[in-house]
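Accompanying notes for the structure given below.
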Amino acid sequence: MAFVDQADLASTAPGKGADMVGFQQLGTGASARTVSDKLREAVSIRDFGAVGDGVTNDTPALLAALAVSNSIYFPEGEYALGASNSSGARITSGTGYYFYGEGERSVIRRAGYNPDSCCLMFDSGSATAWIEGITFKDLKFLGDVATLHHEEIFGHLLVLHGVKRVRLDSCYFEGPRSDAVLIGSGPGGGTERHNFDVTVTNCVFDGVVHGTDGGRNAISFIDIDGASITGCTFRRWSKNNMPGSLCFEPDESFGIIRNVTISDNHFTECSGNRGHIALSVDNIPNDNWGNIVISSNVISDNNAVCIYSNPTLGGTGNGLVVANNMMRGCEYGLLKPSGSLAGLIFSDNIIVSMASGTGRILLGNGSATTWTVRDVQISGNQINCNVAAPLVITDNGENVVVKGNIVRGSTQAHMILGIAGTATTNYIIRDNILLGTPSNGLCQHDAGTHNAVSNMWLDNWSPPGLSHGFRAVKTDFAGNVYNHVGADEATAPGSLPSGNSSVRLKNRTINGANQTGILYSHRLSTEAITSVWQEFVPDYAAGHVFDRIVRKAVSASTWGAWG
């Protein structure tokens, strides 16, 4: 877009376009526009006195430009701007704002070092009013964390309270002392604002300093309904007692975190205490957050996705999809230490982590709690790590499917499900390929109450030679705790784990013959022991008897004949 120099306008001869903008003759059908018309469409901040030297406070120039037009062009330069909760570059109303520049050559930074200031602020001032239609394109926001270090309270670059239809496109955010972008609930976080439809595309967020002196987060969402973050790079975030790269953290119970997509981004070098993507939604009811998709991202180090939620399970379900991500060197691919979660799909992710103690999927904090996971599907993931147990669920849980995963590198057990004081209902663990030689094989089903009618373990593959392919440390129907190793032809009926289980046997004596095949065990009722039965399906091979055979329990210690 061409911009008209004031000297050129002054020298234009009357009758030759003095009140017209443009340098070519008007064609047929073209309409004439005055200088004031054109200025209302777009102005350069330099035309209103901006110096752009990074030292002079250019806030008055910005305010003068905004009095004429909502479209502001920032030519190459470094513009010091300042906004506070009550003054400066603080916009409180209007629609259709468009700020744009020349990429990394057009720099916006904070004017002075007032701790109660940012570069720019949009604040509607009300929970029922919005500033609508805001675009930032091809600009660089520059912070001072490298020299002034962390500032917790208000050292942000861009602040948005009470906005709709915001777009950040091809912008650079570098080195803020606090957040690069804060999408909040009013000054101080204690007043009510709601934000809608924020799109962040092709931006670079570089924290510059991370660890002891780092800033806060790349983007903090205090309240958002509708956000899309795609094609961005996040690196070097944040101070080690701050959450991490993307933080969803409502301050008050009225907060909303809903309808969010995070896709095709690259996350690396995170020192935050929660990870790259943190859902810190424990301050709001569980019904206030959900419909979140995290897909096709490349995530390295720290934790990939971390959830702290309200302990009270919501009535509608959350809806969280984490799919098709590459997670490399992450301590946890998915971590939910506390709170309830309903409606999770964790699927088709590749988790690669060769360091000891990394790579886990953890739902629960490892102790007896009232936390709940419900309606969970963990499927199609490739997990290669060196850790005691790659997949752990130690919450009360129901309606959980773990299916079609490929797991290698566990040292204790491929899965740990349940712990004392918790219950599992409707668990289906099937069709997983479990490689390596963990000490407890396929699954350690730990102490807790396990629903014998609805839990199922079927068609999982473990290599031969393990001490046991399935291990349960569980309670019986009366709630008494006992240990059980194996679920094979030598197991007494009363010692079988509850539910359905299967194990592959090789060269074992079954029905008087040396056989190889799959043994299915079923204990589905709290009634008499005679409801317990086994079915053996042999391989078809020379020397093996090819008959599907069944036996039922006679007593807790005795099987009937195969038939």
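By convention here, the first residue in the shown sequence is residue 1.
Taking 4.5 Å as the limit, every side-chain heavy atom of V298 sits out of range of all side-chain heavy atoms of R328.
For T128 and S126, the side-chain atoms include at least one donor-acceptor pair closer than 3.5 Å. Under the 3.5 Å distance criterion, with hydrogens and angles disregarded, a donor-acceptor pair is assigned to the side chains of D179 and S220. For R274 and S280, the side-chain atoms include at least one donor-acceptor pair closer than 3.5 Å. Judged by distance alone, the side chains of D169 and T201 do bring a donor and an acceptor atom under 3.5 Å apart. A side-chain donor-acceptor contact under 3.5 Å links S353 and T358. At a cut-off of 3.5 Å, with distance as the only test, no side-chain donor of N240 or S271 sits close to an acceptor on the other residue. Counting only N and O atoms by type, the side chains of D213 and H150 include no donor and acceptor under 3.5 Å apart. Inspection of the N297 and N325 side chains reveals an N or O donor paired with an N or O acceptor under 3.5 Å.
Environment of CZ in R90: crowded, with over 12 heavy atoms of neighbouring residues, nucleotides or ligands closer than 6.0 Å. Within 6.0 Å of atom CZ in R408, 12 or fewer heavy atoms from other residues, nucleotides or ligands are found, so the atom counts as exposed in its surroundings. Atom NZ of K403 is surrounded by 12 or fewer heavy atoms from other residues, nucleotides or ligands within 6.0 Å.
The backbone N or O of P438 lies less than 3.5 Å from no partner atom in the side chain of T411, so there is not a single donor-acceptor pair. Put simply, the side chain of N432 gets close to the backbone of R430: a donor and an acceptor are under 3.5 Å apart. In this structure a side-chain-to-backbone donor-acceptor pair under 3.5 Å is missing from D144 to G175. When atom types are taken as modelled, the side chain of N283 and the backbone of V281 share no donor-acceptor pair closer than 3.5 angstrom. No side-chain donor-acceptor contact under 3.5 Å links T92 to the backbone of D123. With hydrogens and angles disregarded, no donor-acceptor distance shorter than 3.5 Å links the side chain of N384 to the backbone of V352. Although no hydrogens or angles enter the test, the distance criterion places a donor-acceptor pair under 3.5 Å between the side chain of W237 and the main chain of F205. Under a 3.5 Å cut-off, the side chain of N286 and the backbone N or O of P311 do not form any donor-acceptor pair.
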Verdict with reasoning, I229 to F221, per side-chain contact (heavy atoms from CB on, under 4.5 Å): CA-CA 12 Å; I229 304 159; F221 290 92; 3.7 Å; yes
Under the side-chain hydrogen bond (donor to acceptor under 3.5 Å, both in side chains) criterion, do T316 and D287 qualify, and how do the steps go? CA-CA 6 Å; T316 60; D287 285 336; 2.9 Å; yes
If you apply the rule side-chain hydrogen bond (donor to acceptor under 3.5 Å, both in side chains), what do you find for D282 with N310, and how did you get there? CA-CA 4 Å; D282 43 337; N310 192 298; over 6 Å; no
Check step by step if side-chain contact (heavy atoms from CB on, under 4.5 Å) holds for I257 and I224. CA-CA 5 Å; I257 303 294; I224 186 67; 3.9 Å; yes
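Pairing each heavy atom of A80 with each of G54, the nearest pair is CB-O, 4.1 Å. Shortest non-hydrogen contact noted between C270 and H276 is CB-CE1, 3.1 Å. Taking every heavy atom of both residues into account, F346 and N381 meet most closely at O-ND2, 3.0 Å. Here the shortest heavy-atom pairing between G275 and N302 reads CA-OD1, 3.1 Å. Residues C330 and S300 share a closest heavy-atom pair of SG-C, 4.2 Å. Of all the heavy atoms in V145 and G214, the pair that sits closest is CG2-C, 4.0 Å.
Taking 4.0 Å as the cut-off between side-chain N and carboxylate O, D197 and K164 do not count as a salt-bridged pair.
Ring-centre distance between Y79 and F74: below the 6.0 Å cut-off. Between Y97 and F122, the gap from one ring centroid to the other is short of 6.0 Å. Between F196 and W130, the distance separating the two ring centers is shorter than 6.0 angstrom.
Residue D348 holds its CG atom at 11.0 Å from OG of S295, rounded to the nearest 0.5 Å. Note that CG of L157 and CE of M121 are 12.5 Å apart. Values are rounded to the nearest 0.5 Å.
Ring geometry for F141 versus F173: interplanar angle under 30°, hence parallel rather than tilted (30 to 60°).
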